[in-house]
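In what follows, every heavy atom counts, from backbone to side chain, and hydrogens, waters and symmetry copies are set aside. No experiment lies behind these values; they were computed from the predicted model shown.
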Amino acid sequence: MSTETLVKDVKPGLKNLNLILIVLETGRVTKTKDGHEVRTCKVADKSGSINISVWDDVGNLIQPGDIIRLTKGYASVFKGCLTLYTGRGGDLQKIGEFCMVYSEVPNFSEPNPEYAAQQSQSKGAQNESTPPPPPPDEPRPPRAPPGGRITRSQPGHPPLSNGKETRRSSKR
Amino acid sequence: RLERCVSIVTALTNGLSEREANDALNAHICKGSPQHEEICLGLFTLVLTEPAQAQKCYRDLALVSRDGMNIVLNKINHILMEKYLKLQDTCRTQLVWLLRELVKNGVLGADGVCMTFMKQIAGGDVTAKNIWLAENVLEILTEQREWVLKSSLLIAMAVYTYLRLIVDHHGTAQLQGLRQKEVEFCISLLRERFMDCFMIGRDLVRLLQNVARIPEFELLWKDIIHNPQVLSAQFTGVLQLLQSRTSRKFLACRLTPDMETKLLFMTSRVRFGQQKRYQDWFQRQYLSTPDSQSLRCDLIRYICGVVHPSNEVLSSDILPRWAIIGWLLTTCTSNVAASNAKLALFYDWLFFSPEKDSIMNIEPAILVMHHSMKPHPAITATLLDFMCRIIPNFYPPLEAHVRQGVFNSLTHIVEKRVLAHLAPLFDNPKLDKELRAMLREKFPEFCSSPSPPIEVKIEEPVSMEMENHMAEKDDSCYDNAEAAFSDDEEDLNNKGKKREFRFHPIKEAIVEEPVDITPFLDQLDESLKDKVLQLQKGSDTEAQCEVMQEIVDQVLEEDFDSEQLSGLASCLQELFKAHFRGEVLPEEITEESLEESVGKPLYLIFRNLCQMQEDNSGFSLLLDLLSELYQKQPKIGYHLLYYLRASKAAAGKMSLYECFAQATQLGDLHTCLMMDMKACQEDDVRLLCYLTPSIYTEFPDETLRSGELLNMIVAVIDSFQLQELVCHVMMGNLVMFRKDSVLNILIQSLDWETFEQYCTWQLFLAHSIPLETIIPILQHLKYKDHPEALSCLLLQLRREKPSEEMVKMVLSRPCHPEDQFTTSILRHWCIKHDDLLAEHIKSLLIKNNSLPRKRQSLRSSSSKLAQLTLEQILEHLDNLRLNLSNTKQNFFSQTPILQALQHVQASCDEAHKMKFSDLFSLAEDYEDSSSKPPKSRRKAPTVSPRSRKSTAQPPNPEEESGSSSASEEEDTKPKPPKRKRKGSSAVGSDSD
């Protein structure tokens, strides 16, 4: 719990990141070839803001103002921009809303030519046209559905939320 | 945890008959209080989650509970306050069911739960769930009316809640039905238990006003006004109610816990300037529908009455309350809501009494008016307008009381120094004429400046309006009021009106205040006296000018007795008073308007001076006359400057001002100029800007070194005027900084206000002075104290190619974890000029390669303060390394850097090797092709730094010559002599 990384310390290639973030903007949905919905959201903590790529239904549940916890995320460069992803076995969980101080600047996802250059250098056999690029050395099947899920209280849960936030229903 | 309790209960009772189950539970409870709690919470949870078993579980709960259900009540309150929004529908239904049971059984403390429940009913929300809750709670309260009547707080709270909710419930049949129930409920409690409701305070009246159209309430109102005793023997009338302050718990009860949390978060954690998104989120959640507009009043009342931040917060950069109010007001979409919101904002003003009420309740209104004046004058205007109109309109029979209340508020505000003076607010040229007239009429006391009339600076006096009022002689207050302004000259509309004034200055001046010049006249001889009297009578400018010319001629006559100068000056000063309070600079600057503006009689003296030779005897006589005038009317100084700038006749005669300055008692150009510019600054900022280019051009020696003058200017200009000055600079009409003095002035500016500093930097940047000139300012800049200068400098540095001097200055900044300046700029340079930066760093590293602080370098001026140590350089480099890690920026893999690092590492002590091991490790693998073992005497670095040094280091000539000569002597190891490497490490490495 005490090991949350700050946005400012997120660097491309870092894995196993835990962050607590507040959602500032939710982006438009794009569809991947195999039908997954991906959206890029702008999130922030007190050290700055960054983009996070959110997959499928999770994206529909996220709203600006939500405070979310990312577990087992990783950072990578997508189209020259530093971006966060939910890693395998990772999780995106809403833990509150509104009451978090953030700083919108610096925006660590601003296009960074360095990253772009690096990326094109290190570009391997992978097809880079669709997000997300896999974490450098955590092989994943290309464009696998993301591991994370966000859950809000939904019918079908035990009806009482017992003082804690609703939990993920399915862990992998 | 609740789930665990459930499992305990289920385990205990499973498969047992009711009686046995009961025994089992009791037996468990007997074991101790933790077990008691487990059972209570377990049963409670079952009630909420298993509707089918609820009845049975509740009965068990009632039977086994040994604390009067206290644990359960606490848990309910807790869930309501923290989690209600997240509860499932069944669970909510069960909670209400449980409340009903608790109330039915008259459980002690159920009234508290009831109130917590009412708090969950959101104002301005007619969604089904919210209505459902309002309905159900009302049903319980109505069914158990007898029980309700036992708690006066519950009565008051219920009345306050439902009176407020009635407003939201209209439209559909379902809502109308609910509304009718609410009306009946409230009316019955109000009529039966009025004094309990009285406890609410003045906000009860506010709510009753909102529902006054409903027939039942109309009747109630009639009784309140005409027949208060019917309601209660102790009730003497509406005034009594209006004079009692509303308790915070009522104001707070109309916000749901979630709203409360969010507002409190905004007012305690969010920094001013960062609130936009929070406001948007709040608005999206709570204020986005037409029905939700009524919530604004609740929020405003809450902020005024409940959110009272500590002094610590008040003095910090946390979002102030007035800003939130401003937001709530500006985003109002309906007129009704807007006017209710204004009433809510001013509600505590109306019957304010300093003894009973708090300044904190009235402060937001005055501050939102004050702070909106610049960005949103319309808001201020509508609030001021409301404040005036509410006095007679709130309730005509109590007009005197309301007036007194508003007065008390304003007085208290001034006393408590919320605002020092109200005149700048009430009589601001940004407000329209009618509004100002109304304010003047209603609040004459607050429209006048408290300063004594003598000091009064009248720079924008006689407007059209004033002419109209002139006959009525009621202008005294107006006049004073105008005088309180020194900072609002920018209002152009107002200026427009004043043009009128210039055409008949004399007449008005005389009408305004008939001057008595007789004592002075006596000092004059007959012919002069006649002329002065003629001047006094003269009505149009032209005739006066003629007379004035005659007077000047007479002064210049051979036999003129110079003893009379003083008396003459007094007369002129008195007669032309109006000149000095009128506007000097025409509103539109054209050739004609300028020529016209310099046609004033008094300016004839200036004109005569311009036409004379300096060696003429009359010249000094006229200067003496001016000097006399100057003593009596210092404004003549900047009038002269204006004349010399604006009049064609005076072209090229600016030096006349110098003669004038020397003729005055000040006797010194610099002092005189500063005093005049100061006077001009106080009177007329436009004029100040108009004069700025010419005085900077004409008197460079006095102006370019003067931080004082610059501060005068930047302290009063607005962004438009700044832009004008910047353009002047770029067009070559104005030079405000010179290489030799700019650094000094910028250092002085560090103590100025933020906007002043930004102006200064903007003006500086408009000049093309090389940044090198001012780089030494870096030594004066503290990261925390000088953000303006540092950020300006940072943004400028990033556009420069780094020179060694720059790099040195940047590296000379003390290392502080929070200070990111150096790392920022180094990083930038790394990306854009990596090779150049590498060379500079290498050279600095090698030059400063003496770890112990041997600072023998207190000699050359530029490096005096820059106490660059090796350690510092290394620390900065280490920070840079950390910043660049993961970026694949290969700055640290450049040959010069690696060479320098190796070189330094070889000679530094163990502690430093440890400290910067990460940094040094970068260079570990590096093997110079020209010299294999790093310890060899013939190290490669020795070649390159030297060759570079002789070319790339012009800024540091002293050091340069020293080092290069040294290196020439000791061909293979040029560094050791440089910084007197006495350290044993150096010896060690050499002898190795």
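For A/Val23, the part sitting under 4.5 Å from any heavy atom of chain B is the backbone (N, CA, C, O) and nothing else. Heavy atoms closer than 4.5 Å to chain B are found in both the backbone and the side chain of A/Leu24. Neither the backbone nor the side chain of B/Glu82 comes within less than 4.5 Å of any heavy atom of chain A. With a threshold of 4.5 angstrom between heavy atoms, B/Arg284 approaches chain A through side-chain atoms but not through N, CA, C or O.
Counted within 6.0 Å of CZ on B/Arg881, heavy atoms from surrounding residues, nucleotides or ligands total more than 12; the atom is thus considered enclosed.
Contact annotation: the side chain of B/Trp281 never approaches that of A/Gln63 to less than 4.5 Å [non-hydrogen atoms, C-beta and beyond]. The shortest side-chain heavy-atom distance between B/Arg269 and A/Cys99 does not fall under the 4.5 Å cut-off.
Scored by the side-chain contact (heavy atoms from CB on, under 4.5 Å) test, B/Asp258 finds A/Glu97, B/Leu85, B/Thr256, B/Lys262, B/Gln285, B/Tyr286 as partners (sequence neighbours excluded). Remark: B/Ala54 pairs with B/Val47, B/Gln94, B/Trp97 by the side-chain contact (heavy atoms from CB on, under 4.5 Å) rule, at least two apart or across chains. Applying the side-chain contact (heavy atoms from CB on, under 4.5 Å) criterion to A/Lys46, with sequence neighbours excluded, gives A/Leu6.
Across all their heavy atoms, B/Phe265 and A/Phe98 have their closest contact at CE2-O, 3.5 Å.
For the atom pair NZ of A/Lys11 and CG of B/Leu884, the computed distance is 9.5 Å after rounding to the nearest 0.5 Å. For the atom pair CZ of B/Arg277 and CD of A/Glu25, the computed distance is 4.5 Å after rounding to the nearest 0.5 Å.
Within residues 821-831 of chain B, the residues having any heavy atom under 4.5 Å from a heavy atom of chain A are, by residue number, B/Arg827, B/Ile831.
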